[in-house]
Amino acid sequence: MKKDILSVTDLTKQEFADVLNLASDLKEKRKKGILGDLLYKKSLGMIFEKASTRTRISFETGMFELGGHAIFLNPNDMQLGRGEEIKDTARVLSGYLSAIMVRSFYHKTVEEIAKYATVPVINGLSDKEHPCQILADVMTMRETFGEDLSSLKVAWIGDGNNVCNSLILSSLYTRFEVRVSTPKGYGPDGDIVKSTIEAGGNVRFFESPDEAVLGSDVIYTDTWISMGSENEKEKRLRDFSGYCVSRKLMEKASPKAVVMHCLPAHRGEEITDEVIEGKNSIVWRQAENRLHAQKALLVKLLHK
Ligand code: CP
Ligand code: NVA
């Protein structure tokens with residue numbers, strides 16, 4: 001049966017680890033100039049309802065490097081933009097492609113494509129989750145702290161958004177503690193938090209960012225204005241003041257704490273220029289790892 005990756009937990013704990021191990025292996029080999037042809041003649045269709053730099057280019061390059069091919073699909077240039085049904089599009093694309101990646105405003109669009117497609121569907125970011133990002137993030141944490149992340153404290157500062165939701169779910173596999181600090185009304189998805197805690201995950205909430213970062217090993221932040229919330233910009237800038245990851249905040253964390261950001265970053269809003277450019281920032285390696293993690297994910301999905 002085909003496997004879709006709409007959520008972090010669409011991978012089992014073992015599959016999650018297998019993807020990360022393969023990702024590290026592919027990264028090592030690539031450094032030596034070995035690319036291989038694990039996706040020879042495979043095709044990935046990438047539907048982007050929203051902008052992308054990392055996701056698009058890492059998927060496209062990843063497919064090319066492994067001997068396959070990726071096609072960028074702008075819904076406005078497809079019949080989708082003229083009203084062709086999502087389910088019809090999904091069925092037709094399945095006749096041509098080996099897999100489909102979708103970045104959508106609505107998680108239910110990704111679900112509908114997955115329902116009707118007969119090839120694997122990957123969520124390349126929805127309003128609910130960003131599983132590909134989290135694979136790269138956990139890979140980056142493993143490179144930094146070693147394979148066992150269970151003693152780590154990971155502070156999420158800012159908006160409890162799609163990336164935060166996926167980070168919380170990943171804690172079921174990594175066993176790290178997630179310490180969330182968001183303004184009121186901007187918390188992560190309630191069902192995701194509930195199911196993670198019920199399944200034994202360690203998710204804690206802190207009113208102030210200062211308390212959340214105290215003794216934390218990873219400080220993770222993301223934009224306060226995700227794609228689709230641009231019309232709330234003024235209100236959000238007001239509501240999130242006090243949630244900037246600054247040097248002052250970093251001084252409260254563990255001295256070896258690293259800073260993560262899924263990017264794109266907005267210097268002077270969720271993070272200062274000094275912190276993102278500072279020696280504790282691992283954001284550029286985090287971004288690079290999107291390539292390796294997604295290559296590994298595609299290999300696992302297409303070699304079943
Ligand atoms: N982090 C991330 O998904 O970046 P893009 O929006 O550039 O793809
Ligand atoms: N939370 C951000 C992530 C961008 C990669 C957004 O959804 O816009």
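Read the numbers this way: they start at 1 and go in the same order the structure lists the ligands and their atoms.
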Exercise. Restricting to pairs with a member in residues 59-80, which pass ring pair (Phe, Tyr, Trp, His ring centres under 6.0 Å), not counting sequence neighbours?
Worked result: Phe48-Phe72
Exercise. In terms of heavy-atom contacts, does CD of Glu251 have more than 12 from other residues, nucleotides or ligands at under 6.0 Å?
Worked result: yes
For this session: Count the heavy atoms of every other residue, nucleotide or ligand shown that sit under 6.0 Å from OH of Tyr96, and state whether that count exceeds 12.
Result: no
Is a salt bridge present between [X] and [Y], judged by a nitrogen-to-oxygen distance below 4.0 Å?
X      : Y      : answer
Lys87  : Glu112 : no
Glu49  : Arg103 : no
Arg236 : Glu234 : no

Exercise. When you look for heavy atoms under 4.0 Å from ligand 2, do you find them on the side chain of Thr55, its backbone, both, or neither?
Worked result: neither
For this session: Please state which part of Leu263 comes within less than 4.0 Å of ligand 2, counting heavy atoms only: side chain, backbone, both or neither.
Result: backbone
For this session: Mind jotting down which protein residues get a heavy-atom contact under 4.0 Å with ligand 1? Chain and number order, please.
Result: Ser52, Thr53, Arg54, Thr55, Arg103, His130, Gln133, Cys262, Leu263, Arg290
Exercise. With atoms numbered from 1 as shown, which atoms in ligand 2 lie under 4.0 angstrom from a non-hydrogen atom of Asn161?
Worked result: 1 (N)
For this session: Any atoms of ligand 2 less than 4.0 Å from a non-hydrogen atom of Leu125? List them with their elements.
Result: 3 (C), 4 (C), 5 (C), 7 (O)
For this session: Select the closest option to atom 2 (C) of ligand 2 among Gly228, Gly124, Ser226, Pro264, judged by heavy-atom distance.
Result: Ser226
For this session: From the options Ile225, Thr223, Asp222, select the one whose nearest heavy atom is closest to atom 3 (C) of ligand 2.
Result: Asp222
Exercise. Would you say the side-chain atoms of Glu143 and Asn289 include a donor-acceptor pair closer than 3.5 Å?
Worked result: yes
Exercise. Between Gln286 and Tyr220, do the side chains contain an N or O donor and an N or O acceptor separated by less than 3.5 Å?
Worked result: yes
Problem set entry | Residues clustered with Val259, ILVMFWY side-chain links under 4.5 angstrom | Ile157, Tyr186, Val213, Ile219, Trp224, Ile225, Leu237, Phe240, Tyr243, Val245, Leu249, Met250, Leu263, Ile271, Val275, Ile276, Val283, Trp284
Exercise. What's the shortest distance from atom 8 (O) of ligand 2 to any protein heavy atom, and which residue and atom give it?
Worked result: Met227 N, 2.8 Å
Exercise. Which protein heavy atom lies closest to atom 7 (O) of ligand 2, and at what distance to 0.1 Å?
Worked result: Asn162 ND2, 2.8 Å
Problem set entry | Set of residues satisfying side-chain hydrogen bond (donor to acceptor under 3.5 Å, both in side chains) with respect to Ser171, sequence neighbours excluded | none
